[in-house]
Structures are given as C-alpha cells and as structure tokens.
Amino acid sequence: MKICILISSLLFTNFLIQKEIDLRNYQWNNRLICIETNDKKTAEKLIQSFKAEEAESDIRKIKFIIKIVDTFYQGLELKQSPPILNFPAASKSSTISIFLIGLDGGIKQKWNQQIVPKVVFQKIDAMPMRISESKQK
C-alpha cells in the first residue's frame, strides 16, 4: 500500500512539473516581452497597443508572457498559462514591470512604466542578432 501511495505521489509530482513552462524553452527561437502587474486593466491596455502592431511583433519573433497577480497568461489574447519558471523578478515599488528578453535568454531592457510598441521595436532593431536577421532577408 505504501508503495502505491509513493508511486502515485511521484506521478502526481511529475504531472505538476510538466505543467510548468520554463522561459528557457524559448531561447534561440523567440524574443520575449514579460509583463508583470497587479492591475488587469493596465495589462490589457498595454496588450491592446501591441495587438495594433501584431505583424511587427511577429517579424521580430516576439512572444508575450504576462503575469497578473499570481496568474500567468501567454500571447496577445491573454490565454491563461501554467506557471512560468524563470519569470524575471519585478520591481516591488512599481505598478508594472516590463522585460525584453533577447534570443539568447538575457534581459535586454527593463521598463517600470507603460511603453509603446515602437520603443520596444527600436530596441530590438538595434540588437546585433536582429540586424543580422534583417540582412539575411
């Protein structure tokens, strides 16, 4: 009986671990915009500005990960997501933290205020890997 409980416990733990997503899975495939806020309206307003520029985000291989309170979402449609491992730590004093993570997995920029997509696109377009991508097309 104890063995059955132990096996069940291990299987359940493994199931929970598989339900988490690691940001490192995106490395070398996508740039990430990670947004953390406690206010859903603030996140929705920012997401709407990026939706208007969705084609520009796609060209730059940008994926969006949003954390509102303790709930994670992916994409511009705010599709609920399992917990995200290695999500960048937000500033406690700000109402919003926005991180730009490059293809190499490193944090390239952090903003503690609302931004417009153009600012993010300019930052990405100045990156050596993005310049190289642009020349190949």
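We find that K41 and D39 are not joined by a salt bridge, their nearest charged nitrogen and carboxylate oxygen being 4.0 Å or further apart. Taking 4.0 Å as the cut-off between side-chain N and carboxylate O, R31 and E133 count as a salt-bridged pair.
Heavy-atom minimum distance, L32 versus Y26: CD2-CG, 3.8 Å. Heavy atoms only, all atoms of each residue included: G75 and I66 are closest at O-CD1, 3.7 Å. Residues N112 and S97 come closest through the heavy atom pair OD1-OG, 3.3 Å. In plain terms, the two heavy atoms of N38 and V69 that are nearest each other are OD1-CA, 3.7 Å. A pairwise comparison of heavy atoms in N29 and L103 identifies C-CD2, 3.8 Å as the closest pair. The two residues Q80 and T71 have their closest heavy-atom pair at NE2-CG2, 3.4 Å.
Between the side chain of Q114 and the backbone N or O of T42 there is at least one donor-acceptor pair closer than 3.5 Å. The backbone N or O of L100 sits nowhere less than 3.5 Å from a side-chain atom of Q109 that would complete a donor-acceptor pair.
One finds the CE atom of M127 at 11.0 Å from the CZ atom of R60 (value rounded to the nearest 0.5 Å). Here OG of S49 is found 12.5 Å from CD of E44. Values are rounded to the nearest 0.5 Å. With values rounded to the nearest 0.5 angstrom, I62 atom CD1 is found 8.5 Å from D58 atom CG. Note that NZ of K63 is 10.0 Å distant from CG of L76, once rounded to the nearest 0.5 Å.
Within 6.0 Å of CG in D70 there are 12 or fewer heavy atoms belonging to other residues, nucleotides or ligands. Taking a 6.0 Å sphere around NZ of K108, one finds it holds more than 12 heavy atoms contributed by other residues, nucleotides or ligands.
Residue pairs that meet the ring-ring contact (aromatic ring centres under 6.0 Å, His included) test with at least one member in residues 90-130, sequence neighbours left out, do not exist here. Within the structure, every pair that satisfies the ring-ring contact (aromatic ring centres under 6.0 Å, His included) test and touches residues 53-72, not counting sequence neighbours, is listed here: F50-F64, F72-F87. Every pair passing salt bridge (Lys or Arg N to Asp or Glu O under 4.0 Å) that includes a residue from residues 76-92 is listed here, sequence neighbours excluded: K51-E77.
Residues I35 and L46 are in side-chain contact: their nearest non-hydrogen atoms beyond the backbone lie under 4.5 Å apart. Side-chain contact between C34 and I101: present, with at least one pair of heavy atoms (C-beta onward) separated by less than 4.5 Å. For the pair I33 and I98, the minimum side-chain heavy-atom distance is below 4.5 Å.
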